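Worksheet: one structure, shown below.
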Amino acid sequence: MEFKRHLVTAALPYANGPVHIGHLAGCYLPADIYVRYLRAQKRDVKFVCGSDEHGVPITIRAMKEGITPQDVVDKYNAIIRDSFADMGISFDIYSRTSNKTHHETAQAFFRKLYDNGVFEERESEQYYDAEKNTFLADRYIIGTCPVCSNENAYGDQCEKCGSTLSPEQLINPRSALSSAPLVKKKTKHWYFPLDKYEPWLKEWISEGKKDQWKPNVYGQCKSWLDSGLQPRAMTRDSNWGVPVPIEGADGKVLYVWFDAPIGYISATKELTTQWADYWCQEDTKLVHFIGKDNIVFHCIIFPSMLKAHGGFVLPDNVPANEFLNIEGQKVSTSRNWAVWVDEYLKDFPGQQDVLRYVLCANAPESKDNDFTWKDFQDRTNNELVSVFGNFVNRAFVLMHKLCGGRVPALHTDVMDDADRALIAEISNTKNSIEQCLENYRFRDGLFEVIDLARKANKYMQDKEPWIVAKAVAAEPEKQKLIDNCLHLCLQLTANLAILANPFLPHTAQKMCYMMKVVDRMLEWENAGRTDLLKVSYPLRAPELLFRKVEDAEVAAQVEKLHNNLKKATTPVMDNNTTPQQEAPATEAENPQYQPQKPEITIDDFMKIDLRVATIVKAQKVEKADKLLQLELDLGYETRTVLSGIAMHFKPEDIVGKQVTVVANLAPRKMRGIESKGMILMAQNADGGLVFAAPVVPADNGGEVR
RNA sequence: CGCGAGAUAGAGCAGCGGUAGCUCGUCGGGCUCAUAACCCGAAGGUCACAGGUUCGAUCCCUGUUCUCGCUACCA
């Protein structure tokens, strides 16, 4: 089908914390790239999102901090909204589910289903906290696990033994919120009969979406459908949320997963009076960008709701990403193991596109991926800076040096195959990127952009205009070769701006400024043209598009991550301390000492094979300031170990000394020499090094434990 | 437990029946216009493991192991 309109949504972030880079990589960044691409094509597109501001965790948080739920969501809504705006996530509207339009829309939706007799009413008994006057979600009931006797098992699961539980199974259940004894109270809720929609869903998904949706998304849906759907309660006992709009429903609100996706509709309503065109016309392409944890809600529940209501379009695709881990560990907000976007923006001002680049290049499109600061540095320095940034810079610098600061002419009489191939490459790249983006393959699309710059670097290298320039004095007609090379490199730079624009919008803007062209040049249809910059048009002096990430910055970020983790795990999380009070304590650490590393088990430690060894030979490694090549006698063998201690010790002084060596460390090549192990050194505050070794001679090869 | 997704060079990913590819890193060389950059070349993989189907399997089938998810309002 030919779509006239596009409606793109990104998962509503939950307003009880800031956004981290996992959120960005998971859905906001891909959604933004997709939307920017569609806009550049002048297609009709609306991009909606907003804060999800209801639900129990927000009320809990408010209770703990002694403020109202509204205070909580106001605070985080502002932080989240600003982070997105600063990162260039270009929503047409960023709304929130606590506002009036949303309440009205969600209530009307519920009412329509209610009037149509869709819901089933059911009464059940649930645990109630009499002191806090609230029903308790399973998660907020604590008790002793019937399986492993852990006294702090949750009502839904025991984290110690992993058993799945229900609150009834807990021994001595108690409230997580107060010391009040639990009572059971009857409560009535309205259930959405998902089971009745199962046949329809099966047809819609199994037959219609099998090859269109990503394998993880399709597989997940199929799994749900095959195991059979159950009616699901769409209301909750709470005073924070959208009130259930029917008689006799006092103290009840809509289940957040009922209300949140309707937030997409409410946001569109706020955005435009034409909202119904986007939601109700068959030729609208609705796309939900989400993370994998949301698949069931967007592929099963929400479509069923829309179907039950009638009159709405259904999602054409739900390109869910997997998760992004940080430095090898799962993101955890409670342990504060995350890279927060607002903090990144403070630490790396003006470098939004660098993060956009890294997160897109390493996006968890097909499986969970790991974000490491080292990878952030490598990708930035070796790909963005060296390939893309450097090409643009050298094209500009050469143009100023060899062509008088103006766009040189293209002399068709001396064009060769390399020139023509480069021109063809621009169109090829444009087509490839279109293919990638239309199919939600953003990582590949971005690669194509960088690859074009890579090819352009090679083209320039082959043409060597700086060499040709030396011959111009003797053979003036050679200037034509230089002109052609730089003409094409500059036109290619203009194309790079267009092609990179969806991914790196701030960079594209900067390039437009340097080329002195208006934003309209960035329209997608201009890609592939080689007349974007007029001949003899003077261009500005180049500015560096990106800067390198320094080792110290990487180290600082890694340390920050670990410090935050320590702060969160330190048992000061008393109910009396609010997070605001804790925050300033961060800097109070003793600065001379490295923070202690995370706790390990004895098993972790026993994996390390420490041995006593004697240095039998030592020599400097050529072309390395710090490295010494050591031959160590371990009793049962002699091996080579490289150590970065050349600044501290002379080779001849340490021969014969005993050391402790990590014997089972994976071998690593440095300067072409394989190092098989590591010797232990103690470091003093002044940077001085001391061998960590037996105080009296011991047997070589002896285990250290 | 069951179900789903994933497991391919040091890292990140393609390939999905016919001699294993790309980017980065590593190593060697070249060049110098450019952010010590760029260009050329090389090394590096028993394609998680074990069976099976096939003339032939990384790719299909079966089983196993590991990771993540499906449960909790963390994308």
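Since this is a predicted model, take the numbers as computed values, not measurements. The basis for the numbers below is simple: all heavy atoms, side chains too, and nothing from hydrogens, waters or symmetry mates. In the text below, chain A, chain B and the rest are named by the order of the sequence lines, each starting its count at 1.
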Exercise. Can you tell me, in whole Å, how much space there is between the P of B:C24 and that of B:C33?
Key: 23 Å
Quiz item: Which nucleotide in the set B:C33, B:U32, B:U35 lies at the smallest distance from any side-chain heavy atom of A:Leu398?
Solution: B:C33
Quiz item: Can you tell me how far C1' of B:C73 sits from CG of A:Asp259, to the nearest Å?
Solution: 11 Å
Quiz item: So which nucleotide does B:C49 pair with, by the Watson-Crick or G-U wobble rule with both distances under 3.5 Å?
Solution: B:G63
Quiz item: How far does the C1' atom of B:U67 sit from the matching atom of B:G30, given to the nearest Å?
Solution: 44 Å
Practice problem: Determine the Euclidean distance between corresponding C1' atoms of B:U58 and B:C68; express it in Å to zero decimal places. | Solution: 22 Å
Quiz item: Just how far, in rounded Å, is P of B:U35 from CD of A:Gln377?
Solution: 19 Å
Quiz item: In whole angstroms, how far is the P atom of B:C70 from the NZ atom of A:Lys222?
Solution: 20 Å
Practice problem: Please state how far atom CD in A:Glu550 lies from atom P in B:U35, giving the value in whole angstrom units. | Solution: 15 Å
Quiz item: Is any N or O donor-acceptor pair between the side chain of A:Tyr14 and the base of B:C73 shorter than 3.5 Å?
Solution: yes
Quiz item: Which nucleotide sits closest to the side chain of A:Gln220: B:C73, B:G69, B:C33?
Solution: B:G69
Practice problem: Assign each of A:Asn381 and A:Phe323 to its nearest nucleotide of RNA chain B by heavy atoms, then name whichever residue's nucleotide is nearer the 5' end. | Solution: A:Asn381
Quiz item: Once you round it to whole Å, what is the distance between P of B:C13 and CD of A:Glu448?
Solution: 17 Å
Exercise. Look at the side chain of A:Lys458 and decide which nucleotide, out of B:C40, B:G69, B:C68, has an atom nearest to it.
Key: B:C40
Practice problem: Would you classify A:Gln461 as touching base, sugar-phosphate or nothing, given that sugar-phosphate means primed atoms plus P, OP1 and OP2, and contacts are heavy atoms under 4.0 Å? | Solution: base
Quiz prompt | Euclidean distance, atom CZ of residue A:Arg443 to atom P of B:A14 [Å, nearest integer] | solution = 5 Å
Quiz item: On a whole-Å scale, what distance lies between the P atoms belonging to B:G63 and B:A20?
Solution: 29 Å
Quiz prompt | Spacing of A:Asp368 atom CG relative to B:G12 atom P, expressed in whole Å | solution = 12 Å
Quiz item: Looking across every strand, which nucleic acid part, if any, lies under 4.0 Å from A:Asn321 by heavy atom: base, sugar-phosphate, or nothing?
Solution: nothing
Quiz item: A:Leu324 near the nucleic acid: base, sugar-phosphate alone, or nothing, with a heavy-atom cut-off under 4.0 Å?
Solution: base
Quiz prompt | For B:A20, the Watson-Crick or wobble counterpart (both distances under 3.5 Å) | solution = none
